[in-house]
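Here is how names work: the chains are called A, B, and so on, in the same order as the sequence lines, proteins then strands, and each is numbered from 1.
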Number of protein chains: 2
Amino acid sequence: MINLNKNNFNRRWEDYRKFTVIIIMIIIGELINSTRDVIKEKIEEKDAEYIKKIAREQVECGANYVDVNSGAFVWDEVDYLIWLVETVQEVVDVPLTLDSPNPEALKKAAEIHKGIPMINSITAEKERYDEIMPILKEYKSDVIALCISDDGMPDSVDDRLKIAEKLIDSFEKEDIDLDRVYLDPLVKPISVNGEFGYQVLDTIQKISEWNTGIHMTCGLSNISYGLPKRSLLNQAFLIMAMERGLDSAIIDPTDKDMIKLIKAAEVLLNKDPYGKNYLKAVRAGELD
Amino acid sequence: MINLNKNNFNRRWEDYRKFTVIIIMIIIGELINSTRDVIKEKIEEKDAEYIKKIAREQVECGANYVDVNSGAFVWDEVDYLIWLVETVQEVVDVPLTLDSPNPEALKKAAEIHKGIPMINSITAEKERYDEIMPILKEYKSDVIALCISDDGMPDSVDDRLKIAEKLIDSFEKEDIDLDRVYLDPLVKPISVNGEFGYQVLDTIQKISEWNTGIHMTCGLSNISYGLPKRSLLNQAFLIMAMERGLDSAIIDPTDKDMIKLIKAAEVLLNKDPYGKNYLKAVRAGELD
């Protein structure tokens, strides 16, 4: 178990290299999500050992943040989210990603979170933006910003770029350092429309070209919704998105094939010069 | 064994879907290459059964062309290449890729090749170009065109684009349909220079944007030369290159992880609308 000295909190991912898998992409572990049946059941049973095990496994596999979500519980979301934060922080010292559209849940969870949390998520919807912005300020938290506006879900690259521009402008006005912000272009299933992959890839590239310092992340697995062998599609899409400028992803870090490909991609994209980290991972047997 | 009726030759890759793995990328199987020790040994022993087995396996795994190379034999290259063509054509009816820088070897092998072969390769080096062009014309062959000129190996995207432009202009003047030409941007090892990946990716994108109808292929595995776990690097690089417009690759088609990722990438890039081929492969158990 990782030492939970208060000073250990909120170290940036570079520090975690010492005791976890070396990774350059910023990985947000998605597994503790109540929309997954097994997790919903374990939360309901308050099976702390199970939740702790999943949290630890994700960090050991390279997660820089651990997402916690209790949104499947309409009436008890807040209580369960607090329980998740307390439970998970007993065993890991990476920051947690507090995952809810509900400002009350986010605020209460941020309050008891030790160290600086990540908020998942703010959007460009006026009401949601206005309610969540004060939480970002109060807790100086990192934040995932989803490309959704009051006009609904984006339908094109242009829709996404307009929302992104609006969000970036607002963050700058509010004096939120863009290095704290992880923009999610909003991934929709390729099974619905064959252009949905390109929409996300082109958005990532354009926003990367703006060079604002904002991070690009995505809830990757939506791309494969409705198709079998989802992990394969997720893996290929992640490599493509990294190639366009994605520097973070919300994924299952225990998917070893995915992590192996990420490490290879980092060498190919010159984010891991001379494959130094790659070679270290090979020597440690992590790529076997 | 596949029926070797003369009429079976030179069907385009679409026809092979009936009896081989469904694949949209045009795959050139690279395994029968005398620079690989085991192949060199088997060629020297004239172990026809072994060579036939490797040829069949590649086609069964989805190869649209089977490369044959005997270049490791300085004095006997021509005889061995002829033997390889005869041996491999006894068991597969996809066209072969005759792989040699030696015009005499290419000409003699093309002469006995049943159906239309692919020539690997022509370059923009004046002497080589002048010697190989007549072979393309006489046998109406497909051809891999490598981005090398009399100035040597390209050092940048611009170098590659200049050579590509020169080659495309020459092919058009010679009335060679660009649909017969597979341009290889020349892949150099990422272990030597971290920018070598981007050089190839950016070249592929630019040439794709020209919309000339020329195919883009590459001798992919050079990228990972000098690093361990090469297959991982090759896989990630292929996905990136597909995303930029690569529509063919010279690979080991028996690398099942690679083929699985290619099929996933085809869905994501809308080359396999609604994942029709992907779903067929899933049902056939090919993605397990």
| Pairing residues for B/A241 by the side chain to side chain contact (heavy atoms under 4.5 Å, CB included) criterion, not counting sequence neighbours |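 Side chain to side chain contact (heavy atoms under 4.5 Å, CB included) list for B/A241, sorted by chain: B/L201, B/I204, B/L246.
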| said: Heavy-atom pairs under 4.5 Å with chain B - which of A/P228, A/G275, A/A265 has more of them than the others? | reply: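 Heavy-atom pair counts peak at A/P228.
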| message | Below 4.5 Å, heavy-atom pairs only: which of A/P273, A/G194, A/G197 has the largest tally toward chain B? | response |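 Top option by heavy-atom pairs under 4.5 Å: A/G194.
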| request: Would you mind telling me which of B/I190, B/I239, B/L232 has the largest number of heavy-atom pairs within less than 4.5 Å of chain A? | output: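 Most heavy-atom pairs under 4.5 Å with chain A: B/L232.
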| query | Which residue out of B/I223, B/L269, B/V192, B/L287 racks up the most heavy-atom pairs below 4.5 Å with chain A? | reply |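 Sorted descending by pairs with chain A, the first entry is B/L269.
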| chain A contact via B/V282 - which portion, at a heavy-atom distance below 4.5 Å |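 The answer is the side chain of B/V282.
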| field | Heavy-atom proximity to chain A below 4.5 Å, by part of B/L261 | value |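 Contact with chain A involves both backbone and side-chain atoms of B/L261.
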Could you list each N or O donor-acceptor pair linking chain B to chain A at a distance under 3.5 Å?
from: B/E195; atom 1: OE2; to: A/N270; atom 2: ND2; distance (Å): 3.0
from: B/Y198; atom 1: OH; to: A/L269; atom 2: O; distance (Å): 3.2
from: B/P228; atom 1: O; to: A/Y278; atom 2: OH; distance (Å): 2.9
from: B/K229; atom 1: O; to: A/Y278; atom 2: OH; distance (Å): 2.9
from: B/K229; atom 1: NZ; to: A/D288; atom 2: OD1; distance (Å): 2.8
from: B/E243; atom 1: OE1; to: A/R244; atom 2: NE; distance (Å): 3.3
from: B/E243; atom 1: OE2; to: A/R244; atom 2: NE; distance (Å): 2.5
from: B/E243; atom 1: OE2; to: A/R244; atom 2: NH2; distance (Å): 2.5
from: B/R244; atom 1: NE; to: A/E243; atom 2: OE1; distance (Å): 3.3
from: B/R244; atom 1: NE; to: A/E243; atom 2: OE2; distance (Å): 2.5
from: B/R244; atom 1: NH2; to: A/E243; atom 2: OE2; distance (Å): 2.5
from: B/L269; atom 1: O; to: A/Y198; atom 2: OH; distance (Å): 3.2
from: B/N270; atom 1: ND2; to: A/E195; atom 2: OE2; distance (Å): 3.0
from: B/Y278; atom 1: OH; to: A/P228; atom 2: O; distance (Å): 2.9
from: B/Y278; atom 1: OH; to: A/K229; atom 2: O; distance (Å): 2.9
from: B/D288; atom 1: OD1; to: A/K229; atom 2: NZ; distance (Å): 2.8

| field | Distance-minimising heavy-atom pair for B/A236 and A/L268 | value |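 Looking at all heavy atoms of both residues, the shortest contact is CB-CD1, 3.7 Å.
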| request: Examine whether an atom of A/L227 lies under 4.5 Å from a heavy atom of chain B, and if so say whether it belongs to the side chain, the backbone or both; otherwise answer neither. | output: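 Interface part for A/L227: side chain.
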